[in-house]
Amino acid sequence: MSNEQRRQLHLDVIAEFRANAGKVGGQFANIPLLLLTTTGARTGESRTWPLAYQRDGDRVVVYAANGGRPNRPGWCHNLAAHPDAVVEVGTESWPVVASFAEGGERQQLWDRKLVDAPFLADFQAKVSWQIPVVILAPTNGNS
């Protein structure tokens with residue numbers, strides 16, 4: 001899939017997500033999705049990304065696998081530069097602050113996700129860098 005096709009798919013998924021209270025069909029029909037809005041690291045512009053996630057208490061966790069492509073996803077780069085973001089799940093949205101899980105916490109979250117998404121191990125095998133596990137914690141007590 002070309003970058004332009006991937007960009008259009010993201011736009012279509014975002015539109016479907018917002019039109020259907022967070023529900024999407026097709027290849028994402030049975031995958032819990034959220035929308036993550038970040039601030040561009042270079043541009044300062046808002047960017048929204050549909051991402052699979054898992055809950056961890058009041059936090060949500062996302063995995064910067066980028067489908068096993070050779071580079072980290074743009075949203076990960078954006079969060080490293082500007083950790084404040086907004087998450088949308090269903091019809092709710094709330095501000096979050098991102099942090100990158102490390103050590104035992106990262107391993108625990110990674111292992112838990114592999115149960116639901118064993119393909120992440122295939123993505124990890126394709127890249128020379130460790131896939132970041134990103135924790136999105138609410139900043140105002142919402143979740």
Side-chain angles (χ1 to χ4, degrees), residues 1-101 105-143:
M1 177 181 295
S2 73
N3 286 339
E4 183 55 34
Q5 289 170 318
R6 190 173 301 107
R7 189 178 84 71
Q8 188 57 54
L9 174 63
H10 285 182
L11 292 174
D12 293 346
V13 169
I14 291 166
E16 184 178 2
F17 183 103
R18 288 180 172 155
N20 297 296
K23 304 284 186 210
V24 298
Q27 65 185 6
F28 303 111
N30 296 313
I31 298 173
L33 286 184
L34 60 74
L35 298 183
L36 175 66
T37 300
T38 65
T39 300
R42 287 182 292 260
T43 66
E45 295 177 14
S46 290
R47 304 273 189 225
T48 300
W49 314 79
L51 301 173
Y53 74 98
Q54 93 183 31
R55 289 235 178 226
D56 183 56
D58 67 343
R59 311 178 311 174
V60 292
V61 181
V62 292
Y63 300 80
N66 205 18
R69 289 177 206 67
N71 56 321
R72 290 176 181 84
W75 61 263
C76 185
H77 181 68
N78 291 349
L79 289 175
H82 304 286
D84 292 316
V86 175
V87 163
E88 296 174 56
V89 174
T91 59
E92 296 181 49
S93 66
W94 61 92
V96 294
V97 63
S99 62
F100 292 81
E105 181 179 34
R106 184 204 178 277
Q107 192 63 52
Q108 178 186 23
L109 292 167
W110 179 262
D111 290 345
R112 199 172 91 204
K113 186 61 177 173
L114 286 179
V115 172
D116 298 351
F119 57 84
L120 278 177
D122 296 333
F123 294 164
Q124 182 61 77
K126 291 179 180 181
V127 298
S128 60
W129 40 273
Q130 185 178 59
I131 292 173
V133 174
V134 183
I135 299 166
L136 304 169
T139 58
N140 65 357
N142 290 341
S143 58

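Hydrogens, waters and symmetry mates are skipped; everything else that's a heavy atom, side chains included, is used. Note that the structure is a prediction, hence the values are computed from the model and not measured.
Smallest separation of non-hydrogen atoms from Gly25 and Glu16: N-OE2, 2.8 Å. The two residues Val62 and Ala52 make their nearest non-hydrogen contact at CG1-O, 3.5 Å. Closest heavy-atom contact between Thr91 and Ala21: CG2-CB, 3.5 Å. Considering all non-hydrogen atoms of both residues, Phe17 and Leu33 come closest at CE1-O, 3.3 Å. Residues Leu109 and Ala101 share a closest heavy-atom pair of CD1-CB, 4.1 Å. Counting all heavy atoms, side chain and backbone alike, Pro73 lies closest to Ala64 at CD-O, 3.5 Å.
Between the CD atom of Glu4 and the CG atom of Leu9 there is a distance of 11.5 Å, given to the nearest 0.5 Å. Atoms CZ and CH2, from Arg47 and Trp75 in turn, are 16.0 Å apart once rounded to the nearest 0.5 Å. Once rounded to the nearest 0.5 Å, the distance linking CD1 of Ile135 with CG of Leu79 reads 12.0 Å. Taken from CG in Leu136 to OG1 in Thr38, the straight-line distance is 10.5 Å, to the nearest 0.5 Å. Atoms NZ and CG, on Lys113 and Asp56 in that order, are 12.0 Å from each other to the nearest 0.5 Å. Distance check, rounded to the nearest 0.5 Å: CZ of Arg106 to OH of Tyr63 gives 9.0 Å.
Using a 4.5 Å cut-off on side-chain heavy atoms (C-beta onward), Thr37 and Glu88 make contact.
Exactly one residue among Val89, Val86, Asp58 makes a side-chain contact (heavy atoms from CB on, under 4.5 Å) with Trp94. That residue is Val89.
Checking side-chain atoms of Asp84 against main-chain N and O of Val97 turns up no donor-acceptor pair under 3.5 Å.
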One pair to check against side-chain contact (heavy atoms from CB on, under 4.5 Å): Leu35 and Arg18. What are the steps and the verdict?
CA-CA 9 Å; Leu35 298 183; Arg18 288 180 172 155; 3.6 Å; yes
Mind running side-chain contact (heavy atoms from CB on, under 4.5 Å) on Leu11 and Gln8 for me, showing each step along the way?
CA-CA 5 Å; Leu11 292 174; Gln8 188 57 54; 4.1 Å; yes
Would Tyr53 and Leu36 count as a side-chain contact (heavy atoms from CB on, under 4.5 Å) here? Give the steps.
CA-CA 10 Å; Tyr53 74 98; Leu36 175 66; over 6 Å; no
Counting only pairs under 3.5 Å, give me each side-chain donor-acceptor contact of residues 116-127, with atom names and distances, residues two or more places apart or in other chains.
from	atom 1	to	atom 2	distance (Å)
Gln124	OE1	Ile131	N	2.9
Gln124	NE2	Trp129	O	2.7

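Counting non-hydrogen atoms of other residues, nucleotides and ligands closer than 6.0 Å to CD of Gln108 gives a total of 12 or fewer. Surrounding CG of Asn30 are at most 12 heavy atoms belonging to other residues, nucleotides or ligands under 6.0 Å away.
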